[in-house]
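Have a look at the structure below before the remarks.
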Amino acid sequence: MPISPSVVLDDVSFTWPDGTVALSHLTTAFGRGRTGLVGRNGAGKSTLVRLATGQLHPSSGRITTSGRVDLLPQRLTGDPSATVTDLLGIRDTVTALRAVLGGDVSPGLFDAVGDDWDVEERAAAALSGIGLGLDADDLDRPVGTLSGGQAVLVAVAGIRMRRAPVVFLDEPTNNLDRRARGVLLEMVDSWSGTLVVVSHDRELLEHVDEVAELRAGSMTVFGGTFSAFEEHVAVQQAAVEREVRVADQRHRTEKRQRIEAETKIARRAKAGEKAGRSMPKILANEARKKAQETAGRLRAGSADDEAAALEDKREAQLRLRVDESIHVALPDPDVPASKRIATITVRGRDTIVQGPERIAVAGDNGVGKTTLLEQLVGAPGAREHPLPDTSATAHVDRIGYLPQRKDSLDDDASVFDNVRRRAPGIPDAEVKNRLARFLVRGDTLGRPASALSGGERFRVALASLVLADPPPQLLVLDEPTNDLDLTSVDQVVDALRSYRGALVVVSHDETFLDRLELTARIELG
């Protein structure tokens, strides 16, 4: 007996308030098991997830689910008062339970607790299962004291604990170190119910049962892992490329034959005109009429054949996968090779960043990589580093900082205004032209930053750094490849390799770091 789908989107469209169409007449479904939802940045994956989880409502169409839906969003809570109970999604229940145990017998508290009288014990077990050394005593620990990777694992543990039948995980491997990734993959492998994972992570996508690709407003579902899907697409595209070549050759042939036919008609017309001068007028008119009819049929046939060949060529070309890429051109900040940029001290040992050097800061989740970057850029409220005799100091004030959570953007301001404030001296038209290189254009410029997907948010934040006037002499990037599709990562690598300023970067993506041609690597631990 076939299993009924858990999430069904029936002719769903969604348009942002500014008129930007995110999804148009999309019909698809997600069933039980593990599905990898893939697609280029800006394809609408995050919008689809927010629709399926009820955060947004479709402009038209209908969405139905077989039960409660839970979500790991791309951006976890930024509330400075948030605690581990917020990440686990049990704060209200724990607060009510503690009030009851403290003697408060208000009926509303009992309703809030429901049947979850053992919620703290279950939470402690969930925390123990992810191997971070957290227990019941850490439930009130501020989220700000956790690394990005630790926060993700805690949030996923909370989703497992809440046992919703349908779950969406939006880019869950962002910020995870190797050990944490292993824990997450084990969770995915043992997941029951319906799990939809939005990701560009090849390793994670090898742990799904099917791949659903959102592309050009439609969904294609392929049974198998991502590598099998890529192989299928490669074979399919090779066949389409052959079709395009054959169709192009046919079009060239038909065009040549039409030109030859036109030449033949012109020659016949000229010969007929010459012969007509020696004929009686009535016979000449009749001959001219027949010649015109023959020429008309020849022209029509040749034109129809050429038009049909051109249409076949265009249809084949539409099936080719041709995607836009961002074009990142970082400005030259004029950093002499002898200029002292920063000092990074780890356990009493100094590393001097000098001139246009590229430095990676590596280490496990929770060891203090982000804290070190915050000290380096002088971020407000930067904490003391957890490792002894470890700190970072910049010796320049022209610093571009891209934080892990991309929260340097003002969510309430428009995309254009967010970038404009970093480059007040550049004409509006030039700002728009440069943003277009990041595929940020048209109606997107007027949308609030809060409406952006993770990939779009990265592009806008990076554009803000690139457009800064004067340009930064030191770029500090915390997990810059999070949320980026593979083509965009290639563009970022090319830009950073040609950047003439200093670079300090944190990333768990070893392939990305290897491609940067690093000057040095600093290990925390």
Side-chain angles (χ1 to χ4, degrees), residues 5-9 12 14 22-24 26-53 71-75 152 156 166-176 181 184-185 187-189 191 194-237 240 319-326 439 452-459 481-492 509 511-512:
S6 302
V7 181
V8 177
L9 287 80
V12 169
F14 180 78
L23 296 173
S24 179
L26 178 64
T27 296
T28 191
F30 300 103
R32 287 180 61 84
R34 297 159 299 183
T35 300
L37 177 56
V38 302
R40 294 293 301 270
N41 289 146
K45 303 185 299 298
S46 293
T47 301
L48 187 156
V49 169
R50 293 172 69 184
L51 287 166
T53 55
L71 167 69
L72 175 77
Q74 277 189 10
R75 299 174 64 207
V152 169
V156 175
V166 180
V167 171
F168 286 80
L169 303 180
D170 200 350
E171 299 288 359
T173 55
N174 284 353
N175 313 317
L176 299 188
R181 288 169 66 87
L184 178 71
L185 294 178
M187 289 184 181
V188 169
D189 288 339
W191 209 284
T194 298
L195 176 66
V196 180
V197 179
V198 182
S199 183
H200 296 111
D201 187 320
R202 292 176 179 275
E203 183 181 19
L204 173 59
L205 292 170
E206 289 303 300
H207 291 256
V208 300
D209 304 308
E210 65 179 18
V211 174
E213 184 188 34
L214 185 60
R215 180 183 176 83
S218 62
M219 185 81 81
T220 301
V221 179
F222 175 84
T225 63
F226 187 66
S227 59
F229 168 72
E230 282 193 308
E231 184 177 345
H232 167 75
V233 169
V235 171
Q236 187 183 61
Q237 286 300 291
V240 172
R319 295 195 295 276
L320 283 174
R321 300 167 71 92
V322 180
D323 296 304
E324 288 188 293
S325 300
I326 63 176
L439 308 185
L452 298 175
S453 69
E456 290 171 325
R457 196 174 185 88
F458 170 84
R459 295 203 301 269
T481 59
N482 284 355
D483 310 317
L484 290 188
D485 59 47
L486 301 176
T487 303
S488 296
V489 170
D490 290 341
Q491 295 288 337
V492 170
D509 187 338
T511 302
F512 168 71

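Since the model is a prediction, treat every value here as computed from it, not as a measurement.
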### Task
Only pairs at least two apart or in different chains count here, so list each salt bridge (charged side-chain N to carboxylate O under 4.0 Å, His left out) that has a residue in residues 219-228.
none
### Message
Could you walk me through whether Val7 and Val196 satisfy the side-chain contact (heavy atoms from CB on, under 4.5 Å) test, starting with their C-alpha distance in whole Å, then the side-chain angles of each, then the deciding distance to 0.1 Å, before giving a yes or no?
### Response
CA-CA 10 Å; Val7 181; Val196 180; 5.9 Å; no
### Task
Check ring-ring contact (aromatic ring centres under 6.0 Å, His included) between Phe14 and all other residues, then give those that pass, not counting sequence neighbours.
Trp16
### Message
Nearest 0.5 angstrom please: Leu169 CG to Leu195 CG, how far?
### Response
5.0 Å
### Query
Which pair of non-hydrogen atoms, one from Ala212 and one from Thr35, has the smallest distance, and what is that distance?
CB-CG2, 3.9 Å
### Query
What is the minimum heavy-atom distance between Ser46 and Asp170, and which atoms define it?
OG-OD2, 3.3 Å
### Query
Would you call Arg34 and Asp189 a salt bridge, taking side-chain N to carboxylate O under 4.0 Å as the test?
yes
### Query
When you look at CD of Glu231, are more than 12 heavy atoms from neighbouring residues, nucleotides or ligands closer to it than 6.0 Å?
no
### Message
I need the Leu9 CG to Leu23 CG distance, nearest 0.5 Å.
### Response
8.0 Å
### Query
For Ser227, what residues pass the side chain to side chain contact (heavy atoms under 4.5 Å, CB included) criterion, not counting sequence neighbours?
Glu206, Thr225
### Summary
When rounded to the nearest 0.5 Å, the distance separating CZ of Arg457 from CD of Gln74 is 10.0 Å
#### Entry: Side-chain (Lys45) to main-chain (Gly39) donor-acceptor, under 3.5 angstrom
yes
### Message
Would you say that Val489 contacts His200 through its side chain, given a criterion of any heavy-atom pair below 4.5 Å between the two side chains?
### Response
no
## Note on the structure
In this structure, CG of Leu72 is separated from CG of Leu184 (nearest 0.5 Å) by 8.5 Å
### Message
Quick check: do Leu185 and Leu204 have side-chain heavy atoms less than 4.5 Å from each other?
### Response
yes
## Note on the structure
Nearest heavy-atom approach of Pro172 to Val198 is CD-O, 3.7 Å
### Inter-residue atom distance Asp209.CG - Phe222.CZ, 0.5 Å rounding
12.5 Å
### Task
Could you check if a side-chain atom of Phe30 sits within less than 4.5 angstrom of a side-chain atom of Met219, using non-hydrogen atoms only?
yes
### Residues that Leu205 engages under side chain to side chain contact (heavy atoms under 4.5 Å, CB included), provided they are two or more places apart
Val38, Ser199, Phe226
### Query
Rounded to the nearest 0.5 Å, how far does CE of Met187 lie from NE2 of His207?
14.0 Å
#### Entry: With Asn174 via side-chain hydrogen bond (donor to acceptor under 3.5 Å, both in side chains) - residues at least two apart
Asp483
### Query
In chain order, what residues pass the side-chain hydrogen bond (donor to acceptor under 3.5 Å, both in side chains) check against Thr53, with sequence neighbours excluded?
none
#### Entry: Closest approach of Val166 to Ser6 (non-hydrogen atoms, all atoms of both residues)
CG2-CB, 3.9 Å
